[in-house]
> 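Sharing a structure with you now.
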Amino acid sequence: DQQVKQNSPSLSVQEGRISILNCDYTNSMFDYFLWYKKYPAEGPTFLISISSIKDKNEDGRFTVFLNKSAKHLSLHIVPSQPGDSAVYFCAASAQGGSEKLVFGKGTKLTVNP
Amino acid sequence: GAGVSQSPSNKVTEKGKDVELRCDPISGHTALYWYRQRLGQGLEFLIYFQGNSAPDKSGLPSDRFSAERTGESVSTLTIQRTQQEDSAVYLCASSPLGSGYGYTFGSGTRLTVV
C-alpha cells in the first residue's frame with residue numbers, strides 16, 4: 001500500500017522553463033510534507049516543506065503547493081536550471097512532522113541547456 | 001562530525017553471508033533512522049531510534065535484519081544470511097528531537113548480494 005505516490009518517474013524540461021513535479025497521498029493523517037532532492041551517489045537533501053495549515057510555501061525558485069481536499073501537492077521550480085537535474089522525492093509525515101517520513105518513489109528531473 | 005557518515009560506501013557480499021553497516025549521526029541528534037532504496041523504488045523505512053531505544057522497528061523486513069545504537073551515537077544495521085533481494089542502498093538519517101522535518105541523510109551504503 002503506497003501512501004505517497006509520484007506517478008511520473010521522469011520529467012524533462014528546457015532550461016529557463018518551469019518544472020512541475022507532482023505528488024499524491026492517501027493517508028489523511030499526514031499533515032507535514034517535504035520535498036527532497038537526490039543526486040547520484042549522495043543522500044537526499046532537504047529542499048522545501050509545507051504544513052497542512054498552509055496551501056503554499058515559497059523559497060526562492062522553489063514553491064510547493066498543497067491541495068488538501070485533493071490530497072495532492074506539487075513542487076514548482078522557476079526558472080529551471082541544469083543544476084536542478086536530480087531525483088526529487090516527495091515525503092509526508094503525521095503529527096506535525098514528529099512521525100517518520102514516508103517517501104514516494106521519486107521523479108527524475110532533467111533540465112536541458 | 002559535520003554530517004551523517006556511513007560506512008562502507010559500497011559492499012559486495014556473497015549470498016548467505018552476514019553484513020554490518022555503520023552510521024555515525026550528527027553529534028547531538030537524538031533521532032536516527034534507517035531507510036533503504038531498492039532499484040527503481042522509493043525510500044523504504046526500516047527502523048527509528050530515539051536515543052538508544054527503538055520505538056519503531058516496523059519496517060524491518062524479516063528477522064534477518066537487526067539494528068542497534070550506542071547511546072546517541074553510532075548505529076549498526078546487521079543483515080544475517082543475506083539474500084539477493086537485500087541488494088539496495090541503505091540510507092541513514094539523523095535529526096534533532098525526532099523531528100521528521102529535520103532529517104539529514106548520509107550518502108548511503110550500496111549493498112550488492114551476489
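The analysis underlying the following values was restricted to heavy atoms, covering all of them including side chains, and did not include hydrogens, waters or symmetry mates. In what follows, chains are A, B, ... by sequence order, proteins preceding strands, each numbered from 1.
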> So for B:Leu43, is it side chain, backbone, both, or neither that comes closer than 4.5 Å to the heavy atoms of chain A?
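The answer is both parts of B:Leu43.
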
> Between A:Lys68 and A:Asp55, is there a salt bridge with N-O shorter than 4.0 Å?
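Not counted as a salt bridge, because no side-chain N and carboxylate O are separated by less than 4.0 Å.
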
> If you count heavy-atom pairs under 4.5 Å between each of B:Gly42, B:Gly40, B:Gly108, B:Gly59 and chain A, which one has the most?
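Result: the option with the highest number of such pairs is B:Gly42.
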
> Hey, would you say the A:His76 and A:Phe65 ring centroids sit under 6.0 Å apart?
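Centroid distance A:His76-A:Phe65: below 6.0 Å, so yes.
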
> So what's closer than 4.5 Å to chain B heavy atoms on A:Lys108: side chain, backbone, both or neither?
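Neither; nothing under 4.5 Å.
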
> Can you say whether B:Ser58 sits under 4.5 Å from chain A via the side chain, the backbone, both, or neither, judging by heavy atoms?
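For B:Ser58, side-chain heavy atoms alone lie under 4.5 Å from chain A.
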
> Taking the basic N atoms (NZ, or NE/NH1/NH2) and the acidic carboxylate oxygens, is any pair closer than 4.0 Å for B:Arg38 and B:Asp86?
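Salt bridge flag = no for B:Asp86 with B:Arg38.
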
> Identify which part of B:Glu44 has an atom lying under 4.5 Å from any heavy atom of chain A, answering side chain, backbone, both or neither.
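Nothing of B:Glu44, per the 4.5 Å heavy-atom cut-off to chain A.
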
> Run the salt-bridge test on B:Asp56 and A:Lys100 with the 4.0 Å N-O cut-off and return the result as yes or no.
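Looking at A:Lys100 together with B:Asp56, the answer is yes, because their closest N to O distance falls below 4.0 Å.
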
> Does the pair B:Ser94 and B:Thr104 meet the rule for a side chain to side chain donor-acceptor pair (under 3.5 Å), with working shown?
CA-CA 5 Å; B:Ser94 69; B:Thr104 301; 5.5 Å; no

